[in-house]
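Heads up: the structure comes next, in structure tokens.
Values below: all heavy atoms of this structure, side chains included; hydrogens, waters and symmetry mates excluded.
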Amino acid sequence: ELELSAVRHQPEGLEQLLARTKFTKKELQSLYRGFKNECPSGLVDEETFKLIYSQFFPQGDASTYAHFLFDAFDADRNGALCFQDFVVGLSVLLRGTVHQKLKWAFNLYDINKDGYITKEEMLEIMKSIYDMMGRCTHPTLRDSAPAEHVELFFQKMDRNGDGVVTFEEFLETCQKDKDIMSSMQIFENVI
């Protein structure tokens with residue numbers, strides 16, 4: 001098997017990234033310096049991604065959620081994140097339209113990428129989020145909390161009651177929910 005660190009990945013040209021993202025030239029250069037600093041080979045495998053991400057959540061176990069995040073960022077499904085994968089996903093999350101952000105979120109929840117979110121998929125994601133947040137939440141969460149969260153989600157989202165949520169159902173429900181819409185704005189000017 002090829003060692004990722006031995007491969008020098010050449011990123012797309014700056015011009016293409018300027019066209020594909022909503023970052024300025026200066027922002028892209030700054031992001032690239034940080035990325036190369038963390039990942040000198042230009043590629044991040046899933047284990048490295050988990051290690052980096054877990055540092056943000058020392059109180060819990062972020063590895064499962066980091067796995068789902070890695071999959072969502074790995075647009076070409078090659079098992080490694082290059083700078084383009086990272087910066088294009090980040091551009092959507094930070095500066096994308098509401099529709100683009102919701103499409104990205106739907107893709108995160110649609111684990112098997114079949115175009116539907118099932119209760120099982122949603123429960124896997126919810127459990128991983130609760131694991132990541134750790135046991136030090138106040139008040140302490142019951143073990144049934146993720147399942148209850150999923151039930152509420154499906155009552156709201158599964159409009160036709162067929163047991164799965166389509167992107168259209170997801171989009172429509174999210175756009176009508178003030179809490180979801182305000183949470184979409186939080187990260188807009190982080191960089």
| task | Quick one: pull up CD in Q84 and CZ in R20 and give me the separation to the nearest 0.5 Å. | result | 7.0 Å
| What distance separates T173 OG1 from Q155 CD, expressed to the nearest 0.5 Å? | 12.5 Å
| Just by modelled atom types, is the T166 backbone N or O under 3.5 Å from a matching donor or acceptor in the E169 side chain? | yes
| query | So, do L81 and F49 sit near enough that their side-chain heavy atoms are less than 4.5 Å apart? | reply | yes
| note | Taken in chain and number order and not counting sequence neighbours, the residues that satisfy salt bridge (charged side-chain N to carboxylate O under 4.0 Å, His left out) with K156 are D177
| Side chain proximity check, L17 to Y32, heavy atoms < 4.5 angstrom | no
| request: Please check if F68 and F56 belong to a single hydrophobic cluster, counting links between Ile, Leu, Val, Met, Phe, Trp and Tyr side chain heavy atoms closer than 4.5 Å. | output: yes
| said: Set out, in order, the CA-CA distance, both residues' side-chain angles and the distance that settles side-chain contact (heavy atoms from CB on, under 4.5 Å) for L123 and E151, then state yes or no. | reply: CA-CA 9 Å; L123 187 57; E151 281 306 317; over 6 Å; no
| query | Between L102 and C174, what is the shortest heavy-atom contact and its length? | reply | CD2-CB, 3.6 Å
| message | Let me confirm one number: the CG-CZ distance from L43 to F35, rounded to the nearest 0.5 Å. | response | 7.0 Å
| field | Pairs touching residues 60-74 that satisfy side chain to side chain donor-acceptor pair (under 3.5 Å), sequence neighbours left out | value | E46-H67, D61-S63
| note | To the nearest 0.5 Å, atom CD1 of I125 lies from atom CD1 of I111 at 4.5 Å
| query | CD of E148 to CG of L152: how many Å apart, nearest 0.5 Å? | reply | 8.0 Å
| request: Look at R95 together with E27 and state whether they make a salt bridge at an N to O cut-off of under 4.0 Å. | output: yes
| message | If hydrophobic clusters are built from ILVMFWY residues whose side chains come within less than 4.5 Å, do L14 and L31 share one? | response | yes
| message | Between E121 and N112 (side chain of the first, backbone of the second, donor and acceptor by atom type, cut-off under 3.5 Å), is there such a pair? | response | yes
| task | Give the C-alpha distance, both sets of side-chain angles, the deciding distance and a yes or no for ring-ring contact (aromatic ring centres under 6.0 Å, His included) between F106 and H99. | result | CA-CA 10 Å; F106 182 86; H99 189 275; over 10 Å; no
| said: Could you measure the distance from the CD atom of Q29 to the NZ atom of K26? Nearest 0.5 Å is fine. | reply: 7.5 Å
| said: I'd like to check F23 versus L94 (side-chain heavy atoms, cut-off strictly below 4.5 Å). Are they in contact? | reply: yes
| query | Other than Y116, which residues form its hydrophobic cluster under the rule that side-chain heavy atoms must be closer than 4.5 Å? | reply | V164
| message | Show, in sequence, the C-alpha distance, side-chain angles and deciding distance for E168 and R159, and conclude whether the salt bridge (charged side-chain N to carboxylate O under 4.0 Å, His left out) test is met. | response | CA-CA 10 Å; E168 290 69 31; R159 298 291 173 108; over 6 Å; no
| task | State, with a plain yes or no, whether a side-chain heavy atom of K50 is found less than 4.5 Å away from one of F70. | result | no
| NZ of K25: more than 12 outside heavy atoms within 6.0 angstrom? | no
| Shortest non-hydrogen contact from A105 to F170? | CB-CZ, 4.1 Å
| message | Suppose we call two aromatic rings close when their centres sit under 6.0 Å apart. Are F154 and H149 close by that rule? | response | no
| said: I'd like to check F153 versus V165 (side-chain heavy atoms, cut-off strictly below 4.5 Å). Are they in contact? | reply: yes
| said: Any non-hydrogen side-chain atom of F73 less than 4.5 Å from a side-chain atom of W104? | reply: yes
| Among side-chain atoms of D45 and T48, is any donor-acceptor pair under 3.5 angstrom? | yes
| task | Report yes if the side chains of K101 and V98 come closer than 4.5 Å at any heavy-atom pair, otherwise no. | result | no
| remark: Scanning both residues in full, the closest heavy-atom pair of K113 with N107 reads NZ-O, 2.6 Å
| field | Test item: K36 and F83 side chains (from C-beta on) under 4.5 Å apart, heavy atoms | value | no
| query | Above 12 or not: heavy atoms from other molecules or residues under 6.0 Å from NZ of K178? | reply | no
| query | Is a side-chain donor or acceptor of T21 paired with a backbone partner of S91 at a separation under 3.5 angstrom? | reply | no
| request: Looking only at non-hydrogen atoms, find the nearest pair between D158 and G163 and report the distance. | output: OD2-N, 2.7 Å
| said: Quick check against the 3.5 Å criterion: does Q16 have a side-chain atom that pairs as donor or acceptor with the backbone of G13? | reply: yes
